[in-house]
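Following: one structure in structure tokens, then a few remarks.
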Amino acid sequence: MGKNALWFRTLSFVGLAFFAVTSLACAQDGKSAAVTSGSTADHSTFEALKRAFGSGPEVTQACLACHTEAGKQVMSSIHWTWHYPHPTTGQELGKSRVINAFCGNVATNETRCTSCHAGYGWEKVQDGPPKDQTSVDCLICHDRTGTYTKLDNKAGQPPLSPVPPNAMTITGAPAVPVDLAAAARSVGLPARENCGQCHFYGGGGDNVKHGDLSSALLAADKSIDVHMAKDGPNFTCSTCHVSNQHVLAGSRYFVNAHDTKGTAGKPGARRDVATCESCHGTTPHRATSLIGMKLNDHVDKVACQTCHIPEFAKGGVATKTKWDWSTAGKLKDGKPYHEDAFVQSDGKRLHTYLSTKGDFEWAENVVPHYAWFDGQVRYTTTEDKIDPSGVVEVNRISGSPDDPASRIWPFKRMEGRQAYDVKLRNFVYNHVYGPETDTAFWTNFDWAKSIKAAMDQTGQPYSGEFDFVDTYMYWPITHMVAPKESALECQSCHSKDGRLATLAGFYMPGRDPFGIVDKLGLGILGLVLLGVFGHGALRLMTSRGRAHHG
């Protein structure tokens, strides 16, 4: 056994003994059953749906005849508005507002970006989403035929006959005409396939954005995600992201990083959050052993995801880890080209260079980046001045070891390189999509034209001079939960070169030498050794005395 491992076990025993009395608490075993809910209505029997539909809004109009409040509810949700006024920072966020929604900006690229909007026909961000309730797309969330989808460049419209040549869907598949009537008669509660069309493929492809949301979850086994596993609870997304009047729990702009109310799934208890504690409680480990009690003690400082999601981008679907826009625009023989140098574990080749987007790097089974996180995220907007001499954080996460509301969280840290205004020192918008215009970068590969057109259209000040700056973007990791036997072990963090080696500002046993716990452990060990040797010496002396007396 190595020196570090020996000391770690010694100190761990001391720590466990120290907390044995104070940490004793009841805990549940963490097992949950998938909750299924059957509707009392069979939509396939409804006369209003037994007809041909010529458009998505026609289907929605039929839905609203019975579901009279659904349209208004959807239109008040962030899925519709793409706008989130942050209650703490005061920032105006959401896809329609942020300068970098991972793959660029929505403004000026609407018909491409709004292909994943929960509605039909949002063609100009500045005007806001459509105002007519029939523009709400009921089928994208509620179709259960598995055939309904959207075109990737038509502002949320589904492919209808005749489908344009070479048309693609938002998942990157060849588009085929959808049967609106069949989809309407099939409706039910959303499945993973419904949510996944946008959330798995956002950012330009399968798993490229989040890292922990991919097509691998559609037919996952327990090694990929214990909650969504077909051979396990087989949860849908809405099992955790519960809906109240079409507003779903959970937000990447305002994360509940420290849920202290955990309900442990009690009947009638609050279900307004999408946290681990809302089902597993605040003492999730069995308290029948010292290690269980110590793990429960960790809950105050360590997010459940940190130990229980040791890797993301699992199941054979890689995630994008670096995106360099500055190299975009190179041509061969006057034409755009691509390079596909990364081979995914399922054998699929992924692009590592595109003339339209630049250079990329990919990875599978990624070890997260760890940071203290209190749930607050502040985005760098066009109004914020940046320092191009260093790496600019597109979204800054806050937290510290001294803050009771902060925990150590796992993140996907995306490396990027994107355009900024050299004189005004702020990020700039860029107009990339638009086959019918000569200012779109994907049409003419001219950054100067692209940026000026986007800044003019959005009404932003622009000096006319641009360059590229290195960036970081952080995405909290909350999916792809591993089986409990694959969770991190103590030494994964409590060692000199462990996962938390770079986190500063606090003492960690096993990582930081000669702290108070180390000294306490040495003291106890010294007393134990002194007692052993003293007892041995005393026994030796008394045995000699008896022998002499005899």
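Numbering of residues begins at 1 and proceeds along the displayed sequence.
In terms of the ring pair (Phe, Tyr, Trp, His ring centres under 6.0 Å) criterion, residue partners of F360 (sequence neighbours excluded) are, by chain and number, W323, H351. Under the salt bridge (Lys or Arg N to Asp or Glu O under 4.0 Å) criterion, K209 pairs with no residue at all, not counting sequence neighbours. Contacts of A318 classified as side chain to side chain contact (heavy atoms under 4.5 Å, CB included), with partners at least two apart in sequence or in another chain: F342, Q344, L350, W362, E364. Judged as a side chain to side chain contact (heavy atoms under 4.5 Å, CB included), and not counting sequence neighbours, the contacts of D359 are D324, T327, Y353. Scored by the salt bridge (Lys or Arg N to Asp or Glu O under 4.0 Å) test, D384 finds no partners at all (sequence neighbours excluded). Residues satisfying the ring pair (Phe, Tyr, Trp, His ring centres under 6.0 Å) criterion with W372, sequence neighbours excluded, are F506. By the salt bridge (Lys or Arg N to Asp or Glu O under 4.0 Å) test, R112 is found to be paired with D152, residues two or more places apart in sequence or in another chain being considered. Residues satisfying the side chain to side chain contact (heavy atoms under 4.5 Å, CB included) criterion with T356, sequence neighbours excluded, are L354, W442, F445. In this structure, R413 has no salt bridge (Lys or Arg N to Asp or Glu O under 4.0 Å) partners at least two apart in sequence or on a different chain. Qualifying side chain to side chain contact (heavy atoms under 4.5 Å, CB included) partners for H86, counting only residues two or more places apart in sequence or in other chains: Y84, T88, T89, L93, F254, Q376. Here F373 pairs with W409, F411 under the ring pair (Phe, Tyr, Trp, His ring centres under 6.0 Å) rule; sequence neighbours left out.
For the pair S214 (side chain) and D206 (backbone), a donor-acceptor distance under 3.5 Å is absent. Side chain of N296 to main chain of M293: no donor-acceptor pair is present (N/O by atom type, distance under 3.5 Å, no hydrogens or angles). The backbone N or O of G292 lies less than 3.5 Å from a partner atom in the side chain of S289, making a donor-acceptor pair. Under the 3.5 Å distance criterion, the side-chain polar atoms of N105 are left unmatched by any main-chain donor or acceptor of N100. Of the possible donor and acceptor atoms, one in the side chain of K301 sits under 3.5 Å from a partner among the backbone N and O of P401. The closest donor-acceptor contact from the side chain of R425 to the backbone of I386 lies under 3.5 Å. N395 places a side-chain N or O within donor-acceptor distance of the main-chain N or O of Y474, the cut-off being under 3.5 Å. Within the 3.5 Å criterion, the main-chain N or O of E92 finds no donor-acceptor partner in the side chain of R97. Between the T169 side chain and the K150 main chain, no donor and acceptor come within less than 3.5 Å of each other. Listed for the D221 side chain is no donor-acceptor partner under 3.5 Å among the backbone atoms of G315.
Nearest heavy-atom pair across T478 and D212 is N-OD2, 2.9 Å. Listed here is the closest heavy atom pair of S77 and V247: CB-CG2, 4.1 Å. Between A371 and L503, the shortest heavy-atom contact is CA-CD2, 3.9 Å. Between T471 and V391 the shortest heavy-atom distance is C-CG1, 3.7 Å. Here the closest heavy-atom approach between residue C116 and residue C198 is recorded as SG-SG, 3.1 Å. Minimum interatomic distance between K320 and M414 (heavy atoms only, all atoms of both residues): O-SD, 3.2 Å.
Residues D374 and S398 meet the side-chain proximity criterion, which asks for heavy atoms closer than 4.5 Å. Considering only heavy atoms from C-beta on, V302 comes within 4.5 Å of C307 through its side chain. When side chains are defined from C-beta on, L217 counts as touching I224, because their heavy atoms get closer than 4.5 Å. D225 has its side chain out of reach of F235: every pair of non-hydrogen atoms, C-beta onward, lies at least 4.5 Å apart. Side-chain atoms of V74 and H79, non-hydrogen and from C-beta on, never get closer than 4.5 Å to each other.
Below 30°, between 30° and 60°, or above 60°: for H285 and H308 the angle between ring planes is below 30°, a parallel geometry.
Atoms CG and NE2, from N234 and H227 in turn, are 12.5 Å apart once rounded to the nearest 0.5 Å. C237 SG to L248 CG: the interatomic distance, rounded to the nearest 0.5 Å, is 9.5 Å. Here the CD1-OH distance, from I170 to Y201, works out to 10.0 Å after rounding to the nearest 0.5 Å. Here Y148 contributes atom OH and I140 contributes atom CD1; the two are 6.0 Å apart, rounded to the nearest 0.5 Å. Note: F200 CZ to E193 CD = 8.0 Å, rounded to the nearest 0.5 Å. With rounding to the nearest 0.5 Å, the separation of NE2 in H369 from CD in E415 is 10.5 Å.
Residue pairs meeting the salt bridge (charged side-chain N to carboxylate O under 4.0 Å, His left out) criterion with at least one partner in residues 393-411, sequence neighbours excluded, are E277-R407.
Between the side chains of N256 and T275, no donor-acceptor pair is found at a separation under 3.5 Å. Inspection of the N426 and T382 side chains reveals no N or O donor paired with an N or O acceptor under 3.5 Å.
For K330, the NZ atom sits in a packed shell: over 12 heavy atoms of surrounding residues, nucleotides or ligands are nearer than 6.0 Å.
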R252 vs V377, side-chain contact (heavy atoms from CB on, under 4.5 Å): CA-CA, chis, key distance, verdict: CA-CA 8 Å; R252 70 182 178 93; V377 182; over 6 Å; no
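Partner of Q197 under the side-chain hydrogen bond (donor to acceptor under 3.5 Å, both in side chains) criterion, out of D143, T149, T171: T149 alone.
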